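Keep in mind that the numbers below use all heavy atoms, side chains included, and drop hydrogens, waters and symmetry copies. All values derive from a computational prediction rather than experimental measurement. All chains are named by letter (A, B, ...) in the order of the sequence lines, taking the proteins before the strands, and each is independently numbered beginning at 1.
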Amino acid sequence: MLWSRAFIPTLRETPAEAEVVSHRLLLRAGYIRQLGAGIYNYLYLAQRSMLKIQQIIREEMDAIGAQEFYLAALNPAEVWQESGRYEVMGDNLFRLKDRYGRPLCLGMTHEEVMTYIARGELRSYKQLPQIWYQIQTKFRDEPRPKSGLLRVRQFIMKDSYSFDLTPEGLDESYEKHRIAYCRIFDRCGLDYIAVEAHSGAMGGSQSQEFMVKTEAGEDYVVLCRQTGYAANLEKAVSRPKPPEAPDPEGALEPELVHTPGQKTIEEVANFLGLPQTSLMKTLCLIADSQPVVAILRGDHQLSETKFQSAAGCQEFRPAHPEEIRELFGASAGSLGPVGLNGVRILVDEALRGRRNMVCGANRDDYHLRNVTPEEDFRGEWHDLRQVAPGDTELETGAPLEIVKCVEIGHIFKLGYKYSHAMGLKVLDQNGAEIPVIMGSYGIGVERVLCAAVELFSDEDGMCLPVSIAPFEVVLTPVKITDPSLKEAADRLYAELKAAGVDVLYDDRDLSPGVKFKDADLIGVPFRVNIGRKLAEGKLELVNRRTRETAEIDAATAAAEIRRRIEEARPQARH
RNA sequence: CGGGGCGUGGCGCAGCCUGGUAGCGCACCUGCCUUGGGCGCAGGGGGUCGCAGGUUCAAAUCCUGCCGCCCCGACCA
């Protein structure tokens, strides 16, 4: 492509609304333009990168025997009503009506449609396993689109679905995907982490997310460098920091303490001269309309996802002050589990074995000393707390760190959720009807691009990996009006094109500084300067990421450039 | 949905408080000049001041309502 003919609207200044690095650079480099909140147009450069990412995905999916479909994005509501997700997805699902008033929605993922196809056509165990995938636009009415392409309302996703006869078969399909995902992200040149994940509203058992560490992310991952443990904060487990003070010994009876005006854990701890670790925190949640009480160590935070699974509820919210008053006879500053009847009590594992702690007395301005779980109250033991800084690895006690990440892919075992809901069954060897077991596997294509930009950029712009950059090399004759430079550039351009290299030829009559700045900004991994050294038969090959400059012979430049591009191309390591 | 901010040529902003001529930098067009890191000189084009209503002789500016976008929170396969 000739730069003089290409639509690459680079900006010298950053549009005011862009905060995160990838958003700023994608705008400045002329990759994307915004159309509305969470809605973007992908211009020439973005589309080239997106297509390269999709091609890598396609190759690796095909390599595990997956079959590409093209599915309807416009879905009749009935299909989603069957699975129950028409309600579950709430406002996140874009809904519309056709001219006759029939309800439709825009697909935010395609479990329903894939299951719909499968149940109509799959009849026999002989047809399994199957892996079907699509690379298509998804729609989600996000409550708050943000961070450029990282959280949007319309985006491209690769999603695949596996259909197996047995759980063992699902294990195989899942493992195939895991390896394919590693290969895809390797080939896209990303540094990523595979972490244990919560399977959330999708339902299912085992689940892993592929994460890229970046400040622009919205997920937190708990990592252990020594043991390799890696899990989403939503599901991570840990060994808590030990209590700061020993518990009083002995079989002491609960004792009322007057604590006027002391409501928060911090206030009560200070008032009594105890560390927060000697207190119990009592939270009241309304889970699927039923009150549930959660007891945690004073310094710990409730993990919402863990609470939800422990309570086994669809949704929950903090109780309102009136509800708390009615249940406990006290307000939120003085709640405790002692003497509570008829309410489910969930107790965090970190309190197991603790004795004679402090909690609220269910009487305003009073707390109780010497409260011991299992003796003074009973509840169901669960892991309820969120991993906190300073916690250590559960088994080994090795240090943990918590890092901010963006999720680029997610694989999980769905199990029978959709086959049951929608009646997907096949006949086995004995002629008996058995439900099909499913898996679901997604990759956010824009997020792969964003993650690459977040990972590889500097003050001048992007430094994209060769495999997903819109061009592999840019030719920059320093002075296009100089016939000898132009002639050399023309020839090299023709040779590179003939060699199958993705080359952008900056044939614009602009000062070299402008051309260098533009090339740096759009992130092409190699630049060839054609300038003063040409008289000696030399060109300069500049590596965008390292800034290393090599002199190469003009005569054999095309072959040399090609060699270096291939050398720089990220390889699958799995 | 709660809190905050912003809407003025393509981009970045000033002007608004204290009503009266829409302005600056970049980008763009023409010509000359220049050519190894966003070059110089000269000339030029482009704006319903987010929308609607109100106050006023007069509104970008004051008042009311609405819309849009961004950020924080809530939310989120």
Side-chain angles (χ1 to χ4, degrees), chain A residues 9-20 23-24 27-28 30 33-40 83 85 88-93 107-112 138-148 150-153 155 157 159 161 197-204 207-210 217-219 232 234 304-305 308 315-318 406-414 417-418 439-444 447 459-461 476-482 485-486 506 508-521 527-534 539-540 542 547 549:
Chain A
T10 57
L11 301 173
R12 188 179 292 217
E13 283 165 303
T14 306
E17 67 269 17
E19 294 265 320
V20 303
H23 188 198
R24 270 208 316 266
L27 281 171
R28 276 198 62 207
R33 287 295 183 261
Q34 184 170 19
L35 186 61
I39 310 174
Y40 287 85
S83 72
R85 292 207 302 177
V88 172
M89 287 307 174
D91 290 336
N92 264 20
L93 189 63
M108 48 196 299
T109 171
H110 276 74
E111 279 79 2
E112 283 80 1
K138 307 285 187 219
F139 300 89
R140 292 186 192 180
D141 196 354
E142 288 286 345
R144 184 149 105 78
K146 59 173 177 175
S147 305
L150 281 174
R151 179 166 292 280
V152 286
R153 296 196 291 175
F155 58 97
M157 180 165 144
D159 51 332
Y161 303 90
H198 175 74
S199 23
M202 303 297 303
S207 163
Q208 278 172 291
E209 288 166 331
F210 290 79
E218 304 182 283
D219 280 292
N232 192 307
E234 288 182 341
E304 297 187 2
T305 41
Q308 188 166 5
E315 54 176 14
F316 71 94
R317 58 168 173 85
V406 63
E407 176 189 351
I408 53 173
H410 196 166
I411 58 177
F412 53 96
K413 298 181 181 176
L414 283 177
K417 176 172 169 170
Y418 293 89
S440 159
Y441 318 87
I443 293 178
R447 284 188 172 183
E459 60 286 354
D460 289 316
T476 311
V478 164
K479 183 177 173 183
I480 195 73
T481 50
D482 179 328
L485 298 187
K486 178 167 190 307
D506 195 348
R508 297 174 300 172
D509 182 14
L510 292 173
S511 77
V514 176
K515 302 216 271 190
F516 293 155
K517 288 285 187 194
D518 266 348
D520 286 350
L521 182 58
R527 184 178 79 225
V528 182
N529 292 341
I530 302 162
R532 56 195 170 206
K533 303 260 174 57
L534 184 67
L539 308 176
E540 282 168 357
V542 184
R547 301 281 191 190
T549 303

[atom1] atoms of [N] and [M], separation to the nearest Å:
N: B/A27; M: B/G12; atom1: C1'; result: 11 Å
N: B/G4; M: B/U8; atom1: C1'; result: 22 Å
N: B/G23; M: B/C16; atom1: C1'; result: 14 Å
N: B/G46; M: B/C29; atom1: P; result: 16 Å
N: B/U55; M: B/G9; atom1: C1'; result: 30 Å
N: B/G19; M: B/C49; atom1: C1'; result: 15 Å
N: B/G73; M: B/C26; atom1: P; result: 38 Å
N: B/A22; M: B/U61; atom1: C1'; result: 11 Å

Classify the nucleic acid contact of A/F210 as base, sugar-phosphate or nothing, counting any heavy atom under 4.0 Å across all strands shown.
nothing

Could you check whether A/G36 gets within reach of a base, just the sugar-phosphate, or nothing at all, counting any heavy atom under 4.0 Å?
sugar-phosphate

Nearest to the side chain of [X], heavy atoms from C-beta on, is which of [options]?
X: A/E19; options: B/C76, B/G38, B/C71; value: B/C71
X: A/P143; options: B/G12, B/C75, B/G37; value: B/C75
X: A/V478; options: B/C72, B/U35, B/G12; value: B/U35
X: A/A16; options: B/C70, B/C13, B/U35; value: B/C13
X: A/Q34; options: B/C69, B/C26, B/G36; value: B/C69

Does B/C1 have a Watson-Crick or wobble partner in any strand here, with both distances under 3.5 angstrom, and which is it?
B/G73

Using purine N1 to pyrimidine N3 plus N6-O4 or O6-N4 for Watson-Crick, or N1-O2 and O6-N3 for G-U wobble, each under 3.5 Å, what pairs with B/C24?
B/G12

Salt bridge A/R527-A/D518, side-chain N to carboxylate O under 4.0 Å:
no

Nearest-Å distance, [atom1] ([X]) to [atom2] ([N])?
X: A/N92; N: B/A74; atom1: CG; atom2: P; answer: 16 Å
X: A/E13; N: B/C28; atom1: CD; atom2: P; answer: 13 Å
X: A/D141; N: B/C1; atom1: CG; atom2: P; answer: 11 Å
X: A/L510; N: B/C28; atom1: CG; atom2: C1'; answer: 13 Å
X: A/H23; N: B/C70; atom1: NE2; atom2: P; answer: 8 Å

With hydrogens left out and only the distance checked, is there a donor-acceptor pair under 3.5 Å joining [X]'s side chain and the base of [N]?
X: A/D460; N: B/G37; answer: no
X: A/R527; N: B/G37; answer: yes
X: A/R151; N: B/C76; answer: yes

Measuring to OP1 and OP2 of B/A27, would you say a side-chain N or O of A/R12 lies under 4.0 angstrom away?
yes

Output yes when at least one side-chain N/O atom of A/R144 is less than 4.0 Å from OP1 or OP2 of B/C72, else no.
yes

